[in-house]
Amino acid sequence: MSSIALKLLKPLGLPEKFNLAQLIKSLVVPMSGMLVFLFIWNIGAQNIHTSLGEFPGPAQVYEESKNLIAEHNRERQKEVAFYERLDIRNAKKLAANPDAVIKTRPYTGKPTFIDQIGTSLVTVLAGFFAASLIAIPAGIVIGLNKTLYSAFNPVIQLFKPVSPLAWLPLVTMVVSAVYVSDDPMFAKSFVTSLITVSLCCLWPTLLNTAVGVSTISADLNNVSKVLRLAWLTHVMKIVIPSAIPMIFTGLRLSLGIAWMVLIAAEMLAQNPGLGKFVWDEFQNGSSSSLGRIMVAVLVIGLIGFVLDRVMLALQKKVSWDKSVELR
Amino acid sequence: MTTKTHLELTGVDIDFPTPSGPFKALKNVNLKIDQGEFVSLIGHSGCGKSTVLNIVAGLYQATKGGVLLDGREVNQPGPERAVVFQNHSLLPWLTAYQNVELAVKQVFKNSKSKAEMKEWIEHNMHLVHMDHAMHKRPDEISGGMKQRVGIARALAMEPTVMLMDEPFGALDALTRAHLQDSLMEIQADLNNTVIMITHDVDEAVLLSDRIVMMTNGPAATVGEILDIKLERPRHRLELADDPEYNRYRAAVLSFLYEKQRKPGEVPTEPVTAEEIPEQINHEPESTPLLADEQAA
């Protein structure tokens, strides 16, 4: 756009940098990528025939997603109705006999797709926080001490590439044996998923923190020495701030891994969550199953993307090095 | 200047371990510095100037010999020997004010109240002419301003000795001149003891009471010491034509380029000051005050 046009646009409140090239780059190009994908998907789906019928195309998936939401709403209404009936029954009981012992039973309806999303999100965040709580302090200690680093590096390298599926049977057995209580605060399946997720997503944060801490500039360390900062002050004022960019790089990788691991773990262990939803639909084998699985696939992708964006926003907020372009 | 020795290096040797055995970087370095003296260390790169400074700072330990400061042995770093690092070494996540505050809080945590600390930080910022930008972060200010903050941080520790490791080495000539002038003013006010490493002959002659010239490494040591008896306050423009000043420059240059010519350099005829063009570095007639820094 010519400069005259820009001057004319300015009083209209349009951003000065507004121009066609930018608009195309930021909107049109990604949109057309999406359209190409939908097109290929549509064509491809029509040509794949499975024992459960045609592979779902975009239209069926859209229909199924509406169904899933409708199912969720129906289930919620059932639950509300159940509790209303319970309240009425209890009120009647009390009216007849004020000393009656009131029983409240929880609603035991089937968890809907939306419920499973909630379960998976809670599990992944809990597992990720547990892992971070271990990995960041451990990474700082290992990064500050060369001997510790050499001592633990082989162990870290050994466990880093282990798939969640290998951990899962062990974790399940250990949780069953160790986590015994009459009134458990968390379900066993939740604890199993959480530990599996933690074990798998620990490593990127641990390694990145250790590397971030061990690569602090010698000059900043010298500043700390000249000031005779105490160990804890040194860590809080120099080490952690200077390693923050690396720590967040690790955290982002970890959260991505945690989300992928969780779905696999839920599928294999039949722990509640999106993974179980996918597996149940697969076992169910109705004509709408593939469409419903495809909805789950897209939702899993979308949630993974949103989680990453949230971490990125957080990283941008705490990162002092504004010269680095984070993406 | 008092006659009692303030800072003394005696028979300092330092060996660095290398795969092929210890490397002797310094051998038998002896130096006495009085209270309030401004001493420059000059020598070719790699001659161990920084090593000397780091030993005084306590960041390195001498293999043999040692350093006495006011009669006490130096064996670890401490704020009474504040260091101004070549690349400023400000914490990039803190503002200029917070950088100085970190030092002030550490040094005066038991002796100054919060209000006194604030006043003291602002006072030191004022000394280096950084009042206007003290709440900016290092990446928002120019190189010269960063170095000013680095100096403020060192001054704020109220050091017995201030150690400066090529403080102006990374700056352009104009900014460097401004900072040299600032440093001379501060030095006239506070009468700190300063040891400064430099590559710049003009800077050394302009600022120093004594210039310590170091021989080339390995096993580098003090070659010659030149007393600069120019009147203070010194003005760079007046000194440019001062025969005394030029004699000092020539003496340093002849040490560096005749007696301690870097091994591997092509031998040349003996040089005089006038024949080394890159070292003739007369400052411009007038420079707008801090213009280049404020532009940042």
Side-chain angles (χ1 to χ4, degrees), chain A residues 136 139-140 143-147 150 208-209 211-252 311-327, chain B residues 50 53-61 74-95 98-110 136-140 146-147 149-150 153-167 170:
Chain A
I136 295 174
I140 290 171
L144 282 176
N145 189 321
K146 278 207 177 80
T147 318
S150 329
N208 277 283
T209 306
V211 170
V213 163
S214 60
T215 51
I216 292 177
S217 98
D219 283 319
L220 296 190
N221 270 329
N222 282 342
V223 169
S224 176
K225 280 186 199 159
V226 167
L227 285 174
R228 285 200 193 138
L229 295 182
W231 187 82
L232 195 65
T233 322
H234 171 66
V235 170
M236 299 301 286
K237 298 270 180 185
I238 313 265
V239 173
I240 293 183
S242 124
I244 274 281
M246 282 295 275
I247 292 178
F248 266 83
T249 305
L251 285 175
R252 262 177 87 190
M311 283 305 288
L312 178 65
L314 214 61
Q315 183 177 19
K316 277 188 175 159
K317 202 169 155 53
V318 296
S319 180
W320 42 266
D321 196 353
K322 304 288 183 207
S323 60
V324 177
E325 197 197 345
L326 294 167
R327 47 201 295 172
Chain B
S50 290
L53 198 83
N54 280 328
I55 291 173
V56 178
L59 293 165
Y60 290 166
Q61 295 298 315
V74 166
N75 48 20
Q76 61 162 327
E80 78 281 3
R81 281 161 284 121
V83 184
V84 177
F85 297 92
Q86 178 174 13
N87 67 350
H88 64 79
S89 291
L90 299 177
L91 309 185
W93 52 88
L94 299 180
T95 62
Q98 289 168 327
N99 265 288
V100 179
E101 189 184 34
L102 179 70
V104 169
K105 271 190 175 164
Q106 181 67 15
V107 176
F108 298 105
K109 57 188 162 199
N110 299 322
K136 289 196 168 157
R137 299 197 327 176
D139 56 0
E140 297 166 330
K146 283 181 227 180
Q147 204 51 275
V149 179
R153 176 171 65 184
L155 288 171
M157 298 179 205
E158 236 171 25
T160 329
V161 184
M162 190 151 92
L163 306 171
M164 308 181 90
D165 188 353
E166 277 186 58

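Numbers restart at 1 for each chain; the letters A, B, ... are given by sequence-line order, proteins then strands. Values in this document were obtained by computation on a predicted structure and should not be read as measured data.
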Asks: Using heavy-atom distances under 4.5 Å, tell me whether A:I244 contacts chain B through its side chain, its backbone, both, or neither.
Replies: neither

Asks: Can you tell which part of B:R153 gets under 4.5 Å to a heavy atom of chain A, answering side chain, backbone, both or neither?
Replies: side chain

Asks: Give the intermediate values and the outcome of side chain to side chain contact (heavy atoms under 4.5 Å, CB included) for residues B:V83 and A:N222.
Replies: CA-CA 9 Å; B:V83 184; A:N222 282 342; over 6 Å; no

Asks: To the nearest 0.5 Å, what is the distance between OG1 on A:T233 and NZ on B:K109?
Replies: 7.0 Å

Asks: Which distance, rounded to the nearest 0.5 Å, do you find between the CG of A:L220 and the CG of B:L91?
Replies: 5.5 Å

Asks: Identify which part of B:E80 has an atom lying under 4.5 Å from any heavy atom of chain A, answering side chain, backbone, both or neither.
Replies: side chain

Asks: Please classify the contact between A:S242 and chain B as side chain, backbone, both or neither, with a heavy-atom cut-off of under 4.5 Å.
Replies: both

Asks: What closest approach, in Å, do B:R81 and A:V226 show between heavy atoms, and which atom pair accounts for it?
Replies: O-CG1, 4.1 Å

Asks: Measuring from B:L102:CG to A:I238:CD1, what's the distance to the nearest 0.5 Å?
Replies: 6.0 Å

Asks: Go through the atoms of B:L94 and report whether side chain, backbone, both or neither lie under 4.5 Å from a heavy atom of chain A.
Replies: neither

Asks: Got a second to check how far A:K237's NZ is from B:Q106's CD, nearest 0.5 Å?
Replies: 9.5 Å

Asks: Under 4.5 Å, counting heavy-atom pairs only, tell me which of B:A82, B:P79, B:A57, B:G58 racks up the most with chain A.
Replies: B:P79

Asks: Considering residues at least two apart in sequence or located in another chain, which fulfil the side-chain hydrogen bond (donor to acceptor under 3.5 Å, both in side chains) criterion with A:D219?
Replies: B:N87

